[in-house]
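Order of appearance sets the numbers: ligands from 1, and atoms from 1 within every ligand. Since this is a predicted model, take the numbers as computed values, not measurements.
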Amino acid sequence: MKIKVGVLGATGMVGQRFIQFLAEHPMFELTTLAASERSAGKKYSEATNWYLDVEMPEKVRDLIVTTTDPKNKEFEDVDIVFSALPSDLAKKLEPEFAKEGKLVFSNASAYRMEEDVPLVIPEVNADHLELIEIQRKKRGWDGAIITNPNCSTICAVITLKPIMDKFGLESVFIATLQAVSGAGYNGVPSMAILDNLIPYIKNEEEKMQTESLKLLGTLKDGKVEFANFKLSASCNRVPVIDGHTECIFVKTKEEAEPEEIKEAMDKFDPLKDLNLPTYAKPIVIKEESDRPQPRLDRNIGNGMSIVVGRIRKDPIFTVKYVALEHNTIRGAAGASILNAEYFVKKYL
Ligand SMILES: NC(=O)C1=CN([C@@H]2O[C@H](COP(=O)(O)OP(=O)(O)OC[C@H]3O[C@@H](n4cnc5c(N)ncnc54)[C@H](OP(=O)(O)O)[C@@H]3O)[C@@H](O)[C@H]2O)C=CC1
Ligand SMILES: N[C@@H](CC(=O)OP(=O)(O)O)C(=O)O
């Protein structure tokens, strides 16, 4: 039997991606859509400014949007909620769902760095999910909050994991070129971004610099020991709709040739035998000298693969390369759904 699920923040940019992936999901039945008071009581199709270039799934068009209150009857049979709430609201509302026994798979940054909250990319650190036992004891709830990282962090960390495992990491520098969808529908005015670039995204560099070390850290005696290497990020907003590009410079502990790095990335496919519906090969390598490009490559692996190109020697670091991620799929909704699929397969 399918597990009943709901989406919080269902009308937003990430909420819409959740709906795209959950409407016909083999493990989950999407029953409940929640948003603000502005949308509640309306049909989903009336409440939403649909921005995706795929049709709104027929089965959600007439669903009545509810408020984000776990006591609403629409949440009664729901076991899992996917949260695409703004972070300040997530801070307040996600615990209310966990207290009602719901598993909350969250995109929001509110709880990512809490000691007892798993921050997970299943291909990288699925074992950190064990933190939920500590979380349940400490917070006294039957549900759980499980988070996925910031979109830019996910892109970088997936490519760094196979390098770290084989050669060790000493220092990493990342310059990002981030799509406007990352800022939400009303996030960046067109007059600010067209014919332009904005070399600042609030808190993004700090998130990349801390979340990466937690993700690549080791779970020991119920605590995550952060990975021990230096990471510096410089984040920019560019006039692309979907698809974050990152120029990544890596100094490894052991000597490594670009070909060896490429091979390590290409072989990285840790969950391929689990048959998770949203899983795709985590890293796809493009050989052309002018790839990856957001418009051409963001949908590879249904938007779940990180597309890497231009792996080459660097005169200061060991290697440099370019990585591309579909930021609202692999960097957001798809990441949460993959966490939930993995959790259900391994723990339920
Ligand atoms: N993992 C990642 O890297 C990414 C994470 N995110 C995170 O996901 C979250 C959502 O982002 P995004 O979809 O871009 O944001 P949007 O602004 O596009 O959507 C926000 C959603 O929250 C709802 N909402 C707003 N106010 C309230 C309220 N008072 N009560 C209940 N619901 C409310 C909105 O409903 P309504 O339409 O009714 O106003 C809407 O559904 C954010 O926390 C963001 O930081 C985003 C991108 C990538
Ligand atoms: N800040 C990211 C998206 C985002 O919302 O990140 P976070 O989930 O860490 O708040 C971007 O602008 O592209």
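Residue A35 has at least one heavy-atom neighbour below 4.0 Å for each of these atoms of ligand 1: 31 (C), 32 (N), 35 (O), 38 (O). For ligand 2, the atoms closer than 4.0 angstrom to any heavy atom of Q178 are 11 (C), 12 (O), 13 (O). Which parts of ligand 2 touch E204 is read off a 4.0 Å heavy-atom cut-off, strictly below it: atoms 1 (N), 2 (C), 11 (C). Using a 4.0 Å cut-off to heavy atoms of P149, the atoms of ligand 1 that qualify are 1 (N), 2 (C), 3 (O). Ligand 2 places these atoms under 4.0 Å from at least one heavy atom of K207: 7 (P), 9 (O), 10 (O). Close approach of ligand 2 to N107 (heavy-atom distance below 4.0 Å) involves ligand atoms 8 (O). Interface atoms of ligand 2 facing N150, defined by a heavy-atom separation under 4.0 Å, are 6 (O), 7 (P), 9 (O). Remark: ligand 1 atoms within the under-4.0 Å shell around heavy atoms of L89 are 26 (N), 27 (C), 28 (C), 29 (N), 30 (N), 33 (C). Near G184, the atoms of ligand 1 lying under 4.0 angstrom from a non-hydrogen atom of the residue are 14 (O), 18 (O). Close approach to N150 involves these atoms of ligand 1, each under 4.0 Å from a residue heavy atom: 3 (O). Atoms of ligand 1 found under 4.0 Å from any heavy atom of Y185 (numbered from 1 in listed order, with element): 18 (O).
When hydrogens are left out, the protein atom nearest atom 18 (O) of ligand 1 is M13 N, 3.0 Å; that is the closest non-hydrogen contact. Of the protein's non-hydrogen atoms, G12 CA, 3.2 Å is the one closest to atom 19 (O) of ligand 1. Taking atom 10 (C) of ligand 1 as the reference point, the nearest protein heavy-atom neighbour is A84 O, 3.0 Å. Looking at atom 44 (C) of ligand 1, its nearest protein heavy atom turns out to be L85 O, 4.6 Å. For atom 23 (C) of ligand 1, the closest non-hydrogen atom on the protein side is G9 CA, 4.0 Å. The protein heavy-atom contact nearest to atom 12 (O) of ligand 2 is R237 NH2, 2.4 Å.
The shortest separation from a heavy atom of S109 to ligand 1 is not under 4.0 Å, leaving the residue out of contact. Distances shorter than 4.0 angstrom do not occur between any heavy atom of S87 and any atom of ligand 2.
Between the T176 side chain and the N236 main chain, a donor and an acceptor come within less than 3.5 Å of each other. With hydrogens and angles disregarded, a donor-acceptor distance shorter than 3.5 Å links the side chain of S45 to the backbone of R61. For T278 (side chain) and L338 (main-chain N/O), no donor-acceptor pair under 3.5 Å exists by modelled atom type. Using modelled atom types, no side-chain atom of R17 and backbone atom of A332 make a donor-acceptor pair closer than 3.5 Å.
Using a 4.0 Å cut-off between heavy atoms, A10 contacts ligand 1 through its backbone alone, with no side-chain atom that close. Contacts of R38 with ligand 1, taken as heavy-atom pairs under 4.0 Å, involve the side chain alone. Counting heavy atoms under 4.0 Å from ligand 2, residue K202 does not touch it at all. Looking at R112 against ligand 1, only its side chain comes within 4.0 Å, counting heavy atoms. Residue contacts with ligand 1 for A90 are absent, since no atom lies close enough (heavy atoms, distance under 4.0 Å). Within the 4.0 Å heavy-atom criterion, the part of T68 lying near ligand 1 is the side chain and not the backbone. Residue contacts with ligand 1, taken as heavy atom pairs separated by less than 4.0 Å, involve N148 solely via side-chain atoms from C-beta onward.
When only modelled atom types and interatomic distance are considered, Y111 and D116 share no side-chain donor-acceptor pair under 3.5 Å. Neither side chain, W50 nor E55, offers a donor N or O lying under 3.5 Å from an acceptor on the other. Between the side chains of Q178 and N327, no donor N or O sits under 3.5 Å from an acceptor N or O.
The local environment of NZ in K91 is crowded, with over 12 non-hydrogen atoms from other residues, nucleotides or ligands closer than 6.0 Å. The number of heavy-atom neighbours closer than 6.0 Å to CG of D195, taken from other residues, nucleotides and ligands shown, is 12 or below. Environment of CG in N228: sparse, with no more than 12 heavy atoms of neighbouring residues, nucleotides or ligands closer than 6.0 Å.
In this structure, atom 40 (C) of ligand 1 has a protein heavy-atom contact shorter than 4.0 Å. In this structure, atom 14 (O) of ligand 1 has a protein heavy-atom contact shorter than 4.0 Å.
With values rounded to the nearest 0.5 angstrom, F167 atom CZ is found 10.5 Å from E255 atom CD. If you take CG on D165 and NZ on K161, they are separated by 4.0 Å, rounding to the nearest 0.5 Å. Rounded to the nearest 0.5 angstrom, T252 OG1 and L160 CG are separated by 11.5 Å.
Ligand 2 has an N or O atom lying under 3.5 Å from an N or O atom of R112, backbone or side chain. Between A332 and ligand 1, not a single N/O pair is under 3.5 Å apart. The shortest N or O to N or O distance between T11 and ligand 1 is under 3.5 Å. For ligand 2, one of its N or O atoms has an N or O atom of G182 under 3.5 Å away.
Contact record, A10 with I19: O-CD1, 3.7 Å, taken as the closest heavy-atom pair.
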Salt bridge (charged side-chain N to carboxylate O under 4.0 Å, His left out) evaluation trace for E100 with K102: CA-CA 6 Å; E100 288 297 313; K102 315 291 183 203; over 6 Å; no

Evaluation steps, salt bridge (charged side-chain N to carboxylate O under 4.0 Å, His left out), between E29 and K59: CA-CA 11 Å; E29 184 188 346; K59 65 163 64 161; over 6 Å; no

Derivation and outcome, side chain to side chain contact (heavy atoms under 4.5 Å, CB included), residues V240 and L177: CA-CA 9 Å; V240 164; L177 304 140; over 6 Å; no

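Taking all heavy atoms of S39, A179, S87, S181 into account, the minimum distance to atom 38 (O) of ligand 1 is reached by S39. With V14, V7, N203, N327 as candidates, the residue nearest to atom 6 (N) of ligand 1 on a non-hydrogen basis is V14. Relative to atom 7 (C) of ligand 1, the option among V65, N107, T328 with the closest non-hydrogen atom is N107.
Between Y279 and Y342, a ring centre-to-centre spacing not shorter than 6.0 Å is recorded.
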